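In this text, all values refer to a predicted model and were calculated from it rather than measured experimentally.
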Amino acid sequence: MPDQDENLLLHLNEAIATMRDKDSLFKVVTTKLRLIFPFDLIGINVFDADLKMKRLFLRDYYGVDEAPPLPAGMEQFTPIAGSPLEKLVADPRVQQFTPEEYLADYPNYAPFNKFQKLGISHLTAVPLHIGGRLTGMMTLASRRTPHLAPADVKLLEKIGSLIAVAVANTLAFEEVARREQERTLQLNITNALLSIKQREPLFRAVAEALSRAVQFDYFGIRVQRAGRQEPFEGFAEFARTGEGPEAQLQALDPNRQHGLNQLDTATMYQQLNGLLQTPGLYAADDFRAQAQRFPLLRRVYEEYGTRAMLIVPIWQRADGVAVLILASPNPAAFQPEDLATVLALAPQIALALENLFAFEQIEELKAQVEQERTYLVDEINTSARFGADSGAFVGNGPALQLVQRRISMVAPTDTTVLISGETGTGKELVARELHNASPRHGRALIKLNCAALPAQLIESELFGHEKGAFTGAVERRIGKFELANGGSIFLDEIGELPLDLQAKLLRVLQEKEFERLGGTKVLHSDARVIAATNRVLADEVAAGRFRADLYYRLNVFPIELAPLRERREDIEPLLRHFIQRLSKRLGKPLRQVRPADLAALQAYSWPGNIRELEHVLEQAIIVSQGPFLEFAGFAAAPLVLAAGAAPAAASFAPLKTLKEQERDHILAALQRTGGRVSGAQGAALLLDINPKTLEARMKKLGIRRMVGVDA
């Protein structure tokens, strides 16, 4: 039937010349071809240029109710050697044979076993040539015995040449489309990189753009940063939810718990290290073999149903490792060209990671610098460098010299220091000197008074909190330990810390790690701890109010500050220091202290220590009018107490309560103002207190207003 043959060749030639869609093209080819050569199955394999590898390009069934699924990996390039095709490549001509002829040599070749189950009895192999070069092989399978005449063989040879051209054109068009898709993908990722600065939205855009080219159900970028104990962290992870067109990429919590402790996870990732350092595509039997070898892959194989995984390293540098992982439950989800596509995107993803690391670091540093600025401004406003204003190091007594020596010994180290002493002895100022004399002086000294906050807020202050951790937590807050990283943290009144927080503080001292309130991410802090207390912590431990293990962690290098009553030789230098500083600050002239007043001040026991001395002098400077300082009211208490006692025994003089001293002080002010409370000449102005507040204090202390005086 020459005319029919010519018409077939003409139709095939027209289809090849006009059609670009693979499915439409080969539907026409197979439909026309079956008119002359009835067959039940057609398969086309394409070869590489060296005739070493093969790939299934097309397979269609006809007259089969239930076609078997495509064997996993058949659309990937596999070796020709070890398959029946090696005989056909060795003898590339139109030839016929039965499956049984090859079963003896290839008993484990799955397709031939399928042929037997489907009743396939004959196969016809047609080589595909272009310009005399073998490019592939077409196989026609049928349940009936075909009878090929010599003319049929020649026709099949011509058809083979036409189909070879069609296959080559289709592959070329697919490559052009793939390259165009890749360029579009790169452009979309570049646009996302330029316009999105937040981690989750950026990588969601990258994952969605990539999903248009590569089919996956899991997208994850995992990062291991140098110097951190935890294994690869989930930097950006997304999983597909739903099916079909409605399927959406859902962001996964990077800190979600996997039911494994940190040590187990670290060990699993260490075992997988070699696999994560090399680009690879693992699917079907290959992935199952890897799952049997590596516990972490076995876990995702069993728990998540993963059957294919694509791994692309993003970078391997001294500061860490980053890797992109795509996964799918479909064994045939990924093709070699998918790996090539993702590899081409690796530089852009690396740039996105670099930018995100930079943006996040800038935001963290910005927040930290802002909080440090707050602390430093507070430091500047309330304190100066040691010895300049505080008076803590004014004097040359043996007790003070001992403190200075111990500070000079421990300051250059990172050793934890516990400062103990009565209230008003200058514990905070010693902590500041320790910090300023240490290698950490370039960073801030962060302070927290453990007695100044409610117990429920101390944890947030120490360790910070995440947004939504508790009512009122409207944003993430950086804690004191995180802020003090690289610097020092001063925990004043450490003896007031609740027992439950003592355990968390112990963890920071031991492991240098903690978690924000409401968070699960482990944070690290290289902060030097300086603690202070006016309690005897050993007694607190014995009473069960303070943890013994925490006490021993804090009491590594103790510094004990002597009370002022044991430093009487330093009182006169302290007087000169405070009078000069306070007179300048208050805008008052310098006044002298009478010798009798000096002796009385030296004889006083000073229960409030240096702080009390400073306040007594400040009040005396305010109220004094003549050439000498006048100690009246509360300021006169040391003189009154010391007047009838020898200096050596003055520390045993009876003391007034603070309430009695406050009452005497207010009475002295009222006497000076003639009983007037408010107004320009009132006691409220003299005492620097609101008139209403003064009246309330007078009522509480039982001070009656003088009758007839206009207050």
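The backbone N or O of Arg143 sits less than 3.5 Å from a side-chain atom of Ser121, completing a donor-acceptor pair. Between the Gln95 side chain and the Asp91 main chain, a donor and an acceptor come within less than 3.5 Å of each other. Between the side chain of Asp338 and the backbone N or O of Gln335, at least one donor-acceptor pair lies under 3.5 Å. Distance alone, capped at 3.5 Å, places no donor-acceptor pair between the Arg55 side chain and the Asn45 backbone. The backbone N or O of Asn485 sits nowhere less than 3.5 Å from a side-chain atom of Asp526 that would complete a donor-acceptor pair.
Taking the side chain as every heavy atom from C-beta outward, Glu459 and Leu462 never approach each other to under 4.5 Å. Side chains of Ile349 and Phe203 form a contact here, defined as non-hydrogen atoms less than 4.5 Å apart. Between Leu339 and Thr341 the shortest side-chain heavy-atom distance does not fall below 4.5 Å. You'll find the side chain of Ile159 reaches within 4.5 Å of the side chain of Leu33, heavy atoms only. Under the 4.5 Å side-chain criterion, counting only non-hydrogen atoms from C-beta, Phe47 is in contact with Leu85. Residues Arg507 and Glu513 are in side-chain contact: their nearest non-hydrogen atoms beyond the backbone lie under 4.5 Å apart. For the pair Ile325/Leu310, no side-chain contact is recorded, criterion being any heavy-atom separation below 4.5 Å from C-beta on. With a 4.5 Å cut-off on side-chain heavy atoms, Leu297 and Met309 count as touching.
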> Could you go step by step and tell me if Ile44 and Val167 meet the side chain to side chain contact (heavy atoms under 4.5 Å, CB included) rule?
Replying inline: CA-CA 9 Å; Ile44 297 176; Val167 169; 4.1 Å; yes

>> Please evaluate residues Ser525 and Phe514 with respect to the criterion side chain to side chain contact (heavy atoms under 4.5 Å, CB included), reporting the C-alpha separation (whole Å), side-chain torsions for both, the decisive distance (0.1 Å), and the verdict.
In response: CA-CA 8 Å; Ser525 177; Phe514 61 94; 3.6 Å; yes

> Where do Arg516 and Glu482 land on the side chain to side chain contact (heavy atoms under 4.5 Å, CB included) test, with the steps shown first?
Replying inline: CA-CA 9 Å; Arg516 293 195 190 102; Glu482 193 172 353; 2.7 Å; yes

>> The test is side chain to side chain contact (heavy atoms under 4.5 Å, CB included); show your working for Arg307 and Asn330 and say whether it passes.
In response: CA-CA 6 Å; Arg307 295 296 181 268; Asn330 179 7; over 6 Å; no

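Of all heavy-atom pairs between Ala350 and Trp315, the closest is O-CZ3, 3.5 Å. When all heavy atoms of Arg204 and Leu249 are compared, the closest pair comes out as NH1-O, 2.5 Å. The minimum heavy-atom distance linking Phe334 with Ser328 is given by the pair CZ-CB, 4.1 Å. Across every non-hydrogen atom of Ala207 and Phe238, the tightest pair is CB-CD1, 4.3 Å. Of all heavy-atom pairs between Thr135 and His129, the closest is OG1-N, 4.4 Å. For Leu123 against Ala141, the heavy-atom pair with the smallest separation is CD2-CB, 3.3 Å.
Using modelled atom types, one finds no donor on one side chain facing an acceptor on the other under 3.5 Å when comparing Lys54 with Ser83.
A salt bridge does not link Glu515 with Lys504: every distance from a Lys NZ or Arg NE/NH1/NH2 to an Asp or Glu carboxylate oxygen is 4.0 Å or more. With respect to Arg299 and Glu303, a salt bridge is recorded, a charged nitrogen being found less than 4.0 Å from a carboxylate O.
Taking the centre and axis of the six-membered ring of Phe216, the NZ or CZ atom of Arg240 falls inside the cone set by 45° and 6.0 Å. A cation-pi arrangement, defined by a distance under 6.0 Å to the six-membered ring centre and an angle within 45 degrees of its axis, is absent between Arg222 and Phe235. Taking the ring axis of Tyr301 as reference, the NZ or CZ atom of Arg288 does not stay both within 45° of it and closer than 6.0 Å to the ring centre.
Summarising the geometry, atom OG1 belonging to Thr124 is positioned 7.0 Å from atom CG belonging to Leu156; distances are rounded to the nearest 0.5 Å. Rounding to the nearest 0.5 angstrom, the gap separating the CD atom in Glu461 from the CG atom in Leu517 is 11.5 Å. The distance from atom CG of Leu296 to atom CD of Gln290, rounded to the nearest 0.5 Å, is 12.5 Å. Between Met138 atom CE and Thr30 atom OG1 the span is 10.5 Å, to the nearest 0.5 Å. From Ile314, atom CD1 reaches atom CD of Glu354 across 11.5 Å, with rounding to the nearest 0.5 Å. Remark: Ile42 CD1 to Thr139 OG1 distance equals 9.0 Å, nearest 0.5 Å.
Heavy atoms from other residues, nucleotides or ligands lying under 6.0 Å from CD of Glu466 number more than 12. Within 6.0 Å of NZ in Lys512 there are more than 12 heavy atoms belonging to other residues, nucleotides or ligands.
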